[in-house]
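Letters go in sequence order (proteins before strands), and every chain restarts at 1. What you are looking at is a predicted structure, and each value in this text was computed from that prediction instead of being measured.
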Protein chains: 2
Amino acid sequence: MDIQTRARFSARARVIKALSHPSRLFIVDELSRGERCVCELTELIGADTSTVSKHLSILRNAGIIRDDKRGTQVFYQLTMPCVLRFLDCVETIMQENAQAQMSLMG
Amino acid sequence: MDIQTRARFSARARVIKALSHPSRLFIVDELSRGERCVCELTELIGADTSTVSKHLSILRNAGIIRDDKRGTQVFYQLTMPCVLRFLDCVETIMQENAQAQMSLMG
DNA sequence: TGGTTAATTGGTAAAATAGCCAAGAAGTAT
DNA sequence: ATACTTCTTGGCTATTTTACCAATTAACCA
């Protein structure tokens, strides 16, 4: 792999890596139904506020979500709805995997 | 997040995590043009055979690719072409990010 | 001003990931 | 049988990721 090709795939991997965590996928799913503040997401996820804040910054740095400060709160919203279609594909993969498992068991 | 919800998003994250590495994305891209043996992928990526083999097993365990042994060689092929559409979305995100960067610079 | 809420940032320890080398397994050929 | 090729697995180290706590910043209110 030459330098440019490696750089191209590394950039893609950085975006995907931002999505490769249960809490971050949960955030994306939740934001697909509308904007949420950090406090709401923290409550739903059930982790420390600082943990959720860091997850949000990872998604923001990847360009997947956007923040909007209003008063003391910060609201986040999806900027890339196409990731939802991606998640549909992931769901398909999981169903196929489950079926393959079932058929192995007879 | 209750146990079931967490389990659901963890399962999704496992699939996505399998895609979150430059070499593994390269493999998916390469396989989108047809099956390849481990030796071909190793040559293209330029890493140790054992490293590539481990990347392949990660993708296989996630249900994204399938192996087919023929003689001493093992050929891999995509089982989930829908991941390619996912990668299109990633490309879109990257372009949007690049544009945002440009506009910040004026 | 002082107090309160909301969120981010720095620090740290535990866990997961990645890469190479060495060794082993499986097939083919001489 | 021996040698050779192809691939996988185990071992090890280095790097990255994750989560919590503590401290800080920022906005609002009494």
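In the region residues 1-16 of chain B, proximity to DNA chain D at under 4.0 angstrom, judged on heavy atoms, holds for none of the residues.
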Report, one pair per line, the protein and nucleotides 5-7 of chain D atoms (nitrogen or oxygen only) whose separation is under 3.5 Å.
{"residue": "D:dT6", "atom": "O3'", "partner": "B:Thr72", "partner atom": "O", "Å": "3.3"}
{"residue": "D:dC7", "atom": "OP1", "partner": "B:Val38", "partner atom": "N", "Å": "3.3"}
{"residue": "D:dC7", "atom": "OP1", "partner": "B:Val74", "partner atom": "N", "Å": "3.1"}
{"residue": "D:dC7", "atom": "OP2", "partner": "B:Cys39", "partner atom": "N", "Å": "2.8"}

Within the 4.0 Å limit for protein heavy atoms, which parts of nucleotides 15-22 of chain D are touched? Write it as a string from 5' to 3', B for base, S for sugar-phosphate only, - for none. --SSSBBB

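For B:Thr5, the side chain to side chain donor-acceptor pair (under 3.5 Å) criterion is met by B:Asp2, not counting sequence neighbours. Not counting sequence neighbours, the partners of B:Gln73 by the side chain to side chain contact (heavy atoms under 4.5 Å, CB included) test are B:Cys37, B:Cys39, B:Phe75. The side chain to side chain contact (heavy atoms under 4.5 Å, CB included) search around B:Gln95 returns B:Glu91, not counting sequence neighbours. For A:Asp67, the side chain to side chain donor-acceptor pair (under 3.5 Å) criterion is met by no residue, not counting sequence neighbours. Considering only residues two or more places apart in sequence or on other chains, B:Thr49 meets the side chain to side chain donor-acceptor pair (under 3.5 Å) condition with none of them. The side chain to side chain contact (heavy atoms under 4.5 Å, CB included) check on A:Gln77 picks up A:Glu35, A:Arg66, with sequence neighbours excluded. Every side chain to side chain contact (heavy atoms under 4.5 Å, CB included) that B:Cys89 has, sequence neighbours left out, goes to A:Cys82, A:Val83, B:Ile93. Evaluation of the side chain to side chain donor-acceptor pair (under 3.5 Å) rule for A:Asp29 yields A:Arg33 as partners, not counting sequence neighbours.
Contact of the A:Ile58 side chain with the A:Ile64 side chain is not registered, since no non-hydrogen atoms from C-beta on lie closer than 4.5 Å. Side-chain contact between A:Ser23 and A:Val52 is absent, with no heavy-atom pair separated by less than 4.5 Å. You'll find the side chain of A:Asp68 stays beyond 4.5 Å of the side chain of A:Val74, heavy atoms only.
Between A:His21 and A:His55, the ring planes lie tilted relative to each other; the angle falls in the 30° to 60° range.
Scanning DNA chain C 5' to 3' for nucleotides with an atom closer than 4.0 angstrom to a non-hydrogen atom of chain B gives a first and last hit of C:dT17 to C:dT28.
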